[in-house]
Structures are given as structure tokens and as C-alpha cells.
**Student:** 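A single structure is presented below for examination.
The sequence lines fix the lettering, A, B, ..., with proteins before strands; numbering per chain opens at 1.
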Protein chains: 2
Amino acid sequence: MTAQRRVVAEVLDGDHVHLTADEVHMRAVAKLPEISRATVYNTLGELVSLGEVMEVATDKRAKRYDPNAHRPHHHLVCAQCGAIRDVHPSGNPLADLPDSERFGFSVSAVEVTYRGVCPNCAAA
Amino acid sequence: MTAQRRVVAEVLDGDHVHLTADEVHMRAVAKLPEISRATVYNTLGELVSLGEVMEVATDKRAKRYDPNAHRPHHHLVCAQCGAIRDVHPSGNPLADLPDSERFGFSVSAVEVTYRGVCPNCAAA
DNA sequence: ACTCGACTTGGACATTATCCAGAGTGGCGG
DNA sequence: CCGCCACTCTGGATAATGTCCAAGTCGAGT
């Protein structure tokens with residue numbers, strides 16, 4: 001546990017939002033100016049391997065990192081401003097996939113992304 | 001409808017797989033050598049706007065384009081080799097999102113990505 | 001204090017996507 | 001048939017994101 005990794009962990013823990021790798025880097029630089037992008041990417045990759053954070057691919061421009069990896073949840077994305085909210089649907093989508101639709105895959109996870117327009121953008 | 005756009009449409013229609021923009025470009029070049037990347041991107045963007053093809057963000061490396069945009073379906077992705085299959089689950093995930101979890105959004109679409117390991121990779 | 005290994009750094013590089021200025025093309029009125 | 005206009009395409013530059021590598025740095029153990 002080095003100073004650099006602690007800073008990355010603090011950035012993710014401080015705000016429970018969904019940051020891009022670049023945003024994590026910028027915030028890390030604010031706390032530790034000499035930290036490099038490579039270290040941020042390395043550390044994020046390790047945190048993902050450890051299961052401490054999740055990668056989220058809601059848009060294709062950049063990965064986002066979700067520090068709320070321990071409680072299963074899905075995401076609600078505004079199509080206009082890109083805002084992301086965590087949501088907790090009632091059903092279990094894994095159960096909705098019958099064996100006949102699994103093609104022999106061993107299915108281990110499911111990601112659900114709801115898309116819509118947030119109240120702010122709807123008002124504008 | 002120019003020659004270039006016809007070629008892009010043919011590429012997408014010829015194989016019902018999930019091509020990246022770059023794969024579309026390579027296949028388009030095979031049919032029409034002087035087509036440029038910009039034109040492929042433009043045309044793909046127009047097709048998406050028209051609702052003829054869907055963008056799929058199963059990994060973060062590159063967008064993929066799904067020509068099967070007219071029948072709602074979801075995707076089953078192999079975590080190892082990246083193979084993508086279309087699947088048709090039984091339930092309707094939109095119904096699983098109660099109003100209390102919508103935060104005022106007008107939710108219009110849902111994407112579901114199942115992740116697992118395909119039979120080929122499981123055998124290897 | 002020395003050595004070794006792990007970590008970090010900074011920059012180069014790769015990939016994917018977008019932008020832009022200029023050239024090309026086709027239709028249409030004259 | 002000619003020239004004009006709107007639109008499209010091209011090729012290259014550029015941006016955004018992510019990865020890799022060689023060398024430097026730091027700390028633990030001896």
C-alpha cells in the first residue's frame with residue numbers, strides 16, 4: 001500500500017459517483033501532484049481484479065469506475081447529459097435467461113443499463 | 001443513397017454478426033477500395049440515427065454495430081474470447097424497475113449484457 | 001550500508017473516433 | 001449543353017483514451 005494507491009482509493013471512496021479513469025487521475029493529481037497516469041491505470045486495474053471496484057461501460061468513450069462493487073446494482077443513464085444513477089430493480093435478470101438461450105455458456109454475471117432522460121434535461 | 005452507403009449497408013446486412021467500426025471499414029474497403037474511414041463513420045452514424053442498426057458497448061475497446069435493430073434482444077458475451085450471441089430472455093427488465101427507483105427519469109430503453117464463458121473457451 | 005525486488009514515473013506508442021478543408025459528383029435551371 | 005449549387009466523399013490531421021516500456025526510486029531485509 002503506497003501513497004499513490006492510497007490516493008486512488010481515497011478518490012474513489014470520497015465521492016460515490018462514477019468517475020472516468022481520467023477524472024480519477026485529475027483528482028488524484030490534486031492530492032498528489034506527481035502521480036502519473038500509468039500508476040492510476042495500474043492501480044485501477046488492480047482494484048478491479050480484487051473486486052473492490054467495478055468497470056462500467058455505459059458509453060463507449062471512456063470506462064467508468066464504480067466504487068460500489070459489493071452490493072449488486074444496475075445503472076440508469078441520462079441519454080442527454082450522461083448522468084448515472086445506481087438503481088436496484090426488483091427481479092433477477094439472470095433468472096430470465098432460460099437454458100435454451102444460453103448456448104452452452106456458463107453465465108456468471110449480468111449488467112443492466114436503463115436509458116432515459118433525467119428530470120433536468122427533460123425540463124430544459 | 002450513394003455507392004459508399006450501399007457498401008456499408010451491404011457489409012452490415014451480409015453477416016449478422018457484431019462488427020466493430022473498423023471491421024466494417026475493412027470489409028467496405030474490400031468492396032470499394034477508395035472508401036475512407038470518415039465516410040464509414042458518417043454512414044454508421046446515420047444508420048444509427050435512423051434506427052437501422054444499434055450501437056453495442058459490450059467492451060470498451062470499440063463500439064460494435066448490430067444490424068438486428070428491429071427485434072429487441074440482448075447480448076451474451078464470452079469474457080475470454082469476446083464472442084457475442086444474441087439472446088431473447090423471457091422477462092421484461094423494464095417492468096422490474098419500480099417508479100421509486102426511477103428518480104424522475106423517463107426511462108425509454110434497457111440494455112442487458114450477460115457475461116460468461118463460451119463452450120469453446122471452457123473446454124480450452 | 002548494500003542488494004534486491006517492487007513500485008512509480010514520464011513519455012512513447014497504439015487504438016478508436018472525430019473534425020476539417022478541399023475535391024468530386026449529380027441535379028437543375030438557364 | 002453549360003454552369004451553379006448543394007451535398008457527399010476523401011485524406012489527413014487531431015483528439016481522446018488506454019497500454020507499454022526503460023529507467024529511476026523507495027523500502028525491506030540482511
**Student:** Both Asn42(A) and Thr20(A) contact DNA chain D. Which one's nearest nucleotide lies toward the 5' end?
**Tutor:**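 With Asn42(A) and Thr20(A) compared, the 5'-side residue is Thr20(A).
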**Student:** When the distance from CZ of Arg37(A) to C1' of dA15(D) is rounded to whole Å, what number comes out?
**Tutor:**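 Value for this atom pair: 13 Å.
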**Student:** In whole angstrom, what separates Glu34(B)'s CD from dG24(C)'s P?
**Tutor:**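 Result: 13 Å.
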**Student:** As a test of reading the structure: which of dG18(D), dT18(C), dT9(C) is closest to the side chain of Gln4(A), going by heavy atoms?
**Tutor:**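 So the nucleotide nearest the side chain must be dT9(C).
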**Student:** Select one nucleotide: of dT18(C), dT19(D), dT8(C), the one nearest the side-chain heavy atoms of Lys63(A).
**Tutor:**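 Output: dT19(D).
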**Student:** Assess, by modelled atom type and distance only, whether the side chains of His75(B) and Asp66(B) contain a donor and an acceptor separated by less than 3.5 Å.
**Tutor:**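 Asp66(B) and His75(B) do have a side-chain donor-acceptor pair below 3.5 Å.
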**Student:** Just the rounded figure in Å: distance from C1' of dC7(C) to CZ of Arg6(A).
**Tutor:**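 These atoms are roughly 14 Å apart.
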**Student:** Find the distance Glu46(B):CD to dT18(C):C1' and express it as a whole number of Å.
**Tutor:**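 These atoms are roughly 15 Å apart.
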**Student:** With a 4.0 Å cutoff (strictly under), does any side-chain N or O of Tyr41(B) reach OP1 or OP2 of dA17(C)?
**Tutor:**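 Yes, such a contact exists.
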**Student:** Using a heavy-atom cut-off of 4.0 Å across all strands, would you classify Ala38(A) as base, sugar-phosphate, or nothing?
**Tutor:**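 Base contact - Ala38(A) has a heavy atom under 4.0 Å of at least one base atom.
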**Student:** Distance check needed: dT16(C) C1' versus Glu55(B) CD, whole Å only.
**Tutor:**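 Between C1' of dT16(C) and CD of Glu55(B): 13 Å.
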**Student:** Go through the steps for Glu101(A) and Arg85(B) under the test salt bridge (charged side-chain N to carboxylate O under 4.0 Å, His left out), then give the verdict.
**Tutor:** CA-CA 9 Å; Glu101(A) 287 283 340; Arg85(B) 300 285 313 238; over 6 Å; no
**Student:** Which of the following nucleotides, dT9(C), dT17(D), dA17(C), is nearest to the side chain of Ala21(B)?
**Tutor:**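 Within the option list, the nearest is dA17(C).
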**Student:** Are there over 12 heavy-atom neighbours, none belonging to Asn120(A), within less than 6.0 Å of that residue's CG?
**Tutor:**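 Open.
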**Student:** Nearest whole angstrom, please: distance from the P of dG18(D) to the CG of Asp22(A).
**Tutor:**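 It works out to 8 Å between those atoms.
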**Student:** At 4.0 Å (heavy atoms only), tell me whether Arg5(A) reaches a base, stays on the sugar-phosphate, or touches nothing.
**Tutor:**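 Contact class for Arg5(A): sugar-phosphate only.
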**Student:** Between dT18(C), dC9(D), dT16(C), which nucleotide has the shortest distance from any of its atoms to the side chain of Arg61(A)?
**Tutor:**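 Within the option list, the nearest is dT18(C).
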**Student:** Check the distance between dG18(D)'s P and Glu23(A)'s CD and give it to me in whole angstrom.
**Tutor:**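 The distance from CD of Glu23(A) to P of dG18(D) comes to 11 Å, rounded to the nearest Å.
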**Student:** Return the nearest nucleotide to the side chain of Ser36(B); candidates are dA17(C), dT17(D), dG11(D).
**Tutor:**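 For Ser36(B), the side-chain atoms sit closest to dG11(D).
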**Student:** With a sphere of 6.0 Å drawn around CZ of Arg37(B), does it hold more than 12 non-hydrogen atoms of other residues, nucleotides or ligands?
**Tutor:**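 12 or below, so no.
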**Student:** Which word best sums up how the rings of His73(A) and His18(A) line up, parallel for under 30°, tilted for 30 to 60°, or perpendicular for over 60°?
**Tutor:**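 Plane angle between 30° and 60°, so tilted.
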**Student:** What does Thr2(B) touch in the nucleic acid at a heavy-atom separation under 4.0 angstrom: a base, only the sugar-phosphate, or nothing?
**Tutor:**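 The answer is sugar-phosphate, as Thr2(B) gets under 4.0 Å only of primed atoms, P, OP1 or OP2.
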**Student:** Whole Å only: how far is the CE atom of Met26(A) from the P atom of dG18(D)?
**Tutor:**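 So the CE-P distance, Met26(A) to dG18(D), works out to 12 Å.
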